[in-house]
Amino acid sequence: AILDLREFPSPISLKDLMKAIDGEVLACEYLLSKKILGYTVVDSIRAILSMSGSDFLQLIGTTSERALIFTRTSTGRSPMVAVRVTPLKPAAVVIHGVKKTDNLAVELAKAERIPLVLSKKASVEELIKALHSLI
């Protein structure tokens, strides 16, 4: 389910991440000055089908100061529900492939105080290439 996992050589702001991935903030814009140390790109369909709760916790990696990026999401609800029920929270959640954003996803992001960002990159490959440009 993990498509890419990287640590940055030095922290970057969520604003810089957003620029690279053609991001649109859906929730918690006031937290965009936050610094992150890395990211994990996850195929949300494969994650739902194959991962247990403890597997999901491992997505965070060595630090919670990272962005969890979910691809192949239709509304963004499933990733935010998964984040809501885990004790360790990412610094940000990015969703990609969304046709129509679910209002519950936005409300959960606000309740958890986690920036929710929609990437408008045309493909998963373009998204990962843009992320690599940050390293």
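From a predicted model like this one, the values you see are computed outputs, not experimental measurements.
The line from CD1 of I95 to CG of L26 is 5.5 Å long, rounded to the nearest 0.5 Å. Separation of atoms CD1 (I36) and CD1 (I12) is listed at 4.5 Å; rounding is to 0.5 Å. Interatomic distance, N103 CG to R77 CZ, rounded to the nearest 0.5 Å: 9.0 Å. Atoms OG1 and CD, from T71 and E125 in turn, are 9.5 Å apart once rounded to the nearest 0.5 Å. Atom NZ of K34 and atom NZ of K15 lie 14.0 Å apart (nearest 0.5 Å). Atom NZ of K89 and atom CZ of R113 lie 13.5 Å apart (nearest 0.5 Å).
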Inset, instruction - Step by step, work out the salt bridge (Lys or Arg N to Asp or Glu O under 4.0 Å) result for R84 and E112. - result: CA-CA 7 Å; R84 173 73 178 211; E112 293 293 329; 3.3 Å; yes
Inset, instruction - Would you please test T40 and I69 for side-chain contact (heavy atoms from CB on, under 4.5 Å) and show each step? - result: CA-CA 6 Å; T40 305; I69 302 169; over 6 Å; no
Inset, instruction - Applying side-chain contact (heavy atoms from CB on, under 4.5 Å), run through L134 and F8 and close with a yes or a no. - result: CA-CA 8 Å; L134 295 168; F8 297 124; 3.9 Å; yes
Inset, instruction - Apply the test side-chain contact (heavy atoms from CB on, under 4.5 Å) to residues T101 and T75: give CA-CA distance (whole Å), side-chain angles for both, the deciding distance (0.1 Å), then the verdict. - result: CA-CA 5 Å; T101 307; T75 65; over 6 Å; no
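Of the residues listed (M80, E107, E29, E24), the one engaging L116 in a side chain to side chain contact (heavy atoms under 4.5 Å, CB included) is M80, and it is the only one. A side chain to side chain contact (heavy atoms under 4.5 Å, CB included) with I21 is found for one member of I128, L118, V94 and no other, namely V94.
At least one side-chain heavy atom of P90 sits less than 4.5 Å from a side-chain heavy atom of V83. At least one side-chain heavy atom of L17 sits under 4.5 Å from a side-chain heavy atom of L131. Counting heavy atoms from C-beta on, the side chains of F70 and V93 come closer than 4.5 Å. Side-chain atoms of K121 and H96, non-hydrogen and from C-beta on, do get closer than 4.5 Å to each other. You'll find the side chain of R66 stays beyond 4.5 Å of the side chain of L37, heavy atoms only.
Across every non-hydrogen atom of A109 and C28, the tightest pair is O-SG, 3.7 Å. Nearest heavy-atom pair, S33 versus S13, reported as atom, atom and distance to 0.1 Å: O-CB, 4.3 Å. P115 approaches L14 most closely through the heavy-atom pair CG-CD1, 3.7 Å.
Linking ILVMFWY residues whenever their side-chain heavy atoms come closer than 4.5 Å, directly or via other members, leaves L68 and M18 in distinct clusters. Residues V117 and I114 do not share a hydrophobic cluster, clusters being chains of Ile/Leu/Val/Met/Phe/Trp/Tyr side chains in contact below 4.5 Å. When the side chains of ILVMFWY residues are joined at heavy-atom separations under 4.5 Å, either directly or via intervening members, L3 and Y39 end up in a single hydrophobic cluster. In the hydrophobic clustering of this structure, V106 groups with L108; members are Ile, Leu, Val, Met, Phe, Trp, Tyr whose side-chain heavy atoms approach within less than 4.5 Å, directly or through other members.
S119 places no side-chain N or O within donor-acceptor distance of the main-chain N or O of G23, the cut-off being under 3.5 Å.
Residues H132 and R6 bring a donor and an acceptor atom of their side chains to less than 3.5 Å of each other.
Chaining together hydrophobic side chains whose heavy atoms lie under 4.5 Å apart places L31 alongside Y30.
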